[in-house]
Amino acid sequence: MSPIIAELIVTLRPTPLGDDAFEAPATNLGWGRLFGGQVLAQGLAAAALTVGPGLRAHAVHASFLLPGAVDRSSRLEVERTRDGASFCARR
């Protein structure tokens, strides 16, 4: 596996902290702020870790209000809005 792919996998795999909280590493791409797509992917990955097997994402929405810092990891907190048999919602 190439080093770039290995780094991408690590970046997009948030570390569970307990109580539906996760830590996601920052990647400095040279822009002085986090890339929004990275934050979105990390948030989606964290939310996916809080649902049962067989449930997949159907839609995602994000608003980027402030630039993210590249010098420290991000804390992601997932709120379980709804848990159903075939549909779950996360925020």
Side-chain angles (χ1 to χ4, degrees):
M1 177 183 312
S2 80
I4 293 172
I5 298 298
E7 181 182 352
L8 179 63
I9 290 170
V10 169
T11 300
L12 298 181
R13 187 177 294 155
T15 304
L17 299 174
D19 296 329
D20 291 341
F22 300 85
E23 182 177 30
T27 300
N28 188 348
L29 299 175
W31 300 331
R33 65 184 78 177
L34 288 179
F35 172 58
Q38 172 188 326
V39 177
L40 184 64
Q42 289 170 328
L44 182 59
L49 292 172
T50 67
V51 298
L55 295 174
R56 305 284 184 256
H58 172 74
V60 64
H61 175 80
S63 297
F64 302 104
L65 304 177
L66 296 169
V70 295
D71 60 342
R72 62 181 182 268
S73 60
S74 298
R75 180 179 170 90
L76 308 170
E77 296 179 4
V78 179
E79 179 184 327
R80 296 177 186 236
T81 307
R82 180 183 187 281
D83 277 322
S86 60
F87 179 84
C88 296
R90 297 293 184 261
R91 181 172 170 236

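Computed from heavy atoms alone, side chains included, the values below leave out hydrogens, waters and symmetry copies.
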Taking Gln38 for its side chain and Pro25 for its backbone only, find out whether a donor-acceptor pair lies under 3.5 Å.
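Yes; judged by distance alone, with no hydrogens or angles, the pair exists.
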
Would you find a donor on one side and an acceptor on the other, under 3.5 Å apart, between the side chain of Arg82 and the backbone of Phe87?
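Side chain of Arg82 to backbone of Phe87: a pair is present.
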
Applying side chain to side chain donor-acceptor pair (under 3.5 Å), can you list everything that pairs with Arg91, at least two apart in sequence or on another chain?
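If we apply the side chain to side chain donor-acceptor pair (under 3.5 Å) test to Arg91, skipping adjacent residues, the hits are Glu79.
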
Can you give each donor-acceptor pair under 3.5 Å made by side-chain atoms of residues 8-22, sequence neighbours left out, with the distance rounded to 0.1 Å?
{"residue": "Thr11", "atom": "OG1", "partner": "Glu7", "partner atom": "O", "Å": "2.8"}
{"residue": "Thr11", "atom": "OG1", "partner": "Thr27", "partner atom": "OG1", "Å": "3.3"}
{"residue": "Asp20", "atom": "OD1", "partner": "Arg80", "partner atom": "NE", "Å": "3.4"}
{"residue": "Asp20", "atom": "OD1", "partner": "Arg80", "partner atom": "NH2", "Å": "3.0"}
{"residue": "Asp20", "atom": "OD2", "partner": "Arg80", "partner atom": "NE", "Å": "2.6"}

Is there a path from Phe64 to Leu76 through hydrophobic residues (I, L, V, M, F, W, Y) whose side chains come within less than 4.5 Å of each other?
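No; tracing contacts between hydrophobic side chains, which count when under 4.5 Å, never links both residues.
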
I'd like to know if Leu49 and Val78 are part of one continuous hydrophobic network [Ile/Leu/Val/Met/Phe/Trp/Tyr, side-chain heavy atoms within less than 4.5 Å].
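Same cluster: Val78 reaches Leu49 through Ile, Leu, Val, Met, Phe, Trp or Tyr contacts under 4.5 Å.
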
From [atom1] ([X]) to [atom2] ([Y]), nearest 0.5 Å:
| X | Y | atom1 | atom2 | answer |
| --- | --- | --- | --- | --- |
| Asp83 | Thr50 | CG | OG1 | 7.5 Å |
| Leu40 | His61 | CG | NE2 | 10.0 Å |
| Arg90 | Leu55 | CZ | CG | 8.5 Å |

Between Ser74 and Leu34, is a side-chain contact (heavy atoms from CB on, under 4.5 Å) present by the stated rule, with each step listed?
CA-CA 10 Å; Ser74 298; Leu34 288 179; 3.8 Å; yes

Search all heavy atoms of Arg72 against all heavy atoms of Ala26 and return the closest pair with its distance.
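Here Arg72 and Ala26 meet closest at O-CB, 3.3 Å.
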
Which Ile, Leu, Val, Met, Phe, Trp or Tyr residues join Trp31 in one cluster when any pair of side-chain heavy atoms under 4.5 Å counts as a link?
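So far as hydrophobic clustering goes, Trp31 is joined with Leu29, Phe35.
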
